[in-house]
Structures are given as structure tokens and as C-alpha cells.
Amino acid sequence: MIYELRVYKCVPGRLPALLNRFATITLKLWDKHGIKQAGFWTTLVGESNQELYYLLAWESLADREKKWNAFAADPEWLAKRAETEKDGAIVANVSNQFLSPTAFSSVK
């Protein structure tokens with residue numbers, strides 16, 4: 001199992017719109033494509049409260065490529081993402097890293 005850490009830096013003031021999009025649109029589409037989330041976090045105390053952190057769990061990089069590409073090309077996702085951004089961009093920057101659990105990790 002590998003994990004993908006994704007960090008979304010929002011346009012100032014747009015974090016609520018991003019959280020709403022995940023809650024009402026994105027997670028349902030991920031289910032459709034077999035994408036498994038391992039948790040979501042926002043910053044309670046820190047440099048910025050305009051970021052969303054989350055982990056995705058993948059069987060392999062090939063699994064990730066197949067499922068993520070299908071999701072990214074899904075016409076329903078493309079239409080709903082455009083609809084949620086009709087008042088402007090929500091996300092200013094996305095970064096991601098692929099993580100491998102250590103031998104002593106509680107997650108494998």
C-alpha cells in the first residue's frame with residue numbers, strides 16, 4: 001500500500017467552497033472510481049488556515065494512475081468542477097507526495 005499526500009492551498013477565503021465540493025461532489029465520484037481516502041485535515045494552529053491536507057490509499061502507482069486518470073477525465077467531474085468555480089478559482093496550488101509506510105508504522 002502506498003499513500004498520496006495532497007495539499008491544496010486555497011485562494012484566500014475559498015476553503016469553505018473546497019470543503020463543500022469534497023463533501024457534496026468529489027467523494028461520491030471517488031467512490032464511483034474506487035478511490036480510497038485515508039483522511040482529511042485542515043490547519044487548527046499554524047501558518048495558514050487556507051489549506052486542506054488529505055491522504056489517498058493506493059495498491060500501487062499503477063492503481064493510482066488508472067483510477068486517478070479515469071476520475072480526472074470523468075465528464076461529471078469536469079462539469080461539476082467548472083460549476084463550483086463559476087465565481088472564480090478555489091485552489092491556488094496543489095502539491096502531492098507519494099509515501100511508503102515504514103516497517104514500524106501502524107499503517108501498512
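Every heavy atom of this structure was used, including side-chain atoms; hydrogens, water molecules and symmetry mates were not. Remember, it's a predicted structure, so these values are computed and weren't measured experimentally.
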Does atom NZ of Lys36 have more than 12 heavy-atom neighbours from other groups under 6.0 Å away? no
Report, as yes or no, whether the 6.0 Å neighbourhood of atom NZ on Lys67 holds more than 12 heavy atoms from other residues, nucleotides or ligands. yes
Side-chain heavy atoms of [X] within contact of [Y], under 4.5 Å:
{"X": "Glu59", "Y": "Met1", "answer": "yes"}
{"X": "Pro75", "Y": "Leu78", "answer": "no"}
{"X": "Leu55", "Y": "Leu99", "answer": "yes"}

What are the two closest heavy atoms between Ser95 and Asn93, and how far apart are they? N-OD1, 3.9 Å
Cluster check [X], [Y]: I/L/V/M/F/W/Y, side chain < 4.5 angstrom:
{"X": "Tyr3", "Y": "Trp30", "value": "no"}
{"X": "Val107", "Y": "Phe98", "value": "no"}
{"X": "Val94", "Y": "Leu27", "value": "yes"}

Can you tell me how far apart [atom1] ([X]) and [atom2] ([Y]) are? Round to the nearest 0.5 Å.
{"X": "Trp58", "Y": "Lys66", "atom1": "CH2", "atom2": "NZ", "value": "11.5 Å"}
{"X": "Lys28", "Y": "Trp77", "atom1": "NZ", "atom2": "CH2", "value": "13.5 Å"}
{"X": "Tyr53", "Y": "Leu5", "atom1": "OH", "atom2": "CG", "value": "8.5 Å"}
{"X": "Ile2", "Y": "Gln97", "atom1": "CD1", "atom2": "CD", "value": "12.5 Å"}
{"X": "Ile35", "Y": "Leu56", "atom1": "CD1", "atom2": "CG", "value": "7.0 Å"}

Once you measure the plane-to-plane angle for Tyr8 and Tyr54, does it fall in the parallel (<30°), tilted (30-60°) or perpendicular (>60°) bin? tilted
Do any side-chain atoms of residues 10-25 form donor-acceptor pairs under 3.5 angstrom with protein atoms, and if so which ones, sequence neighbours left out?
from  : atom 1 : to    : atom 2 : distance (Å)
Arg14 : NE     : Ala89 : O      : 3.2
Arg14 : NH2    : Gly88 : O      : 3.0
Arg21 : NH1    : Thr84 : OG1    : 2.9
Arg21 : NH1    : Glu85 : OE2    : 3.2
Thr24 : OG1    : Asn20 : O      : 2.8

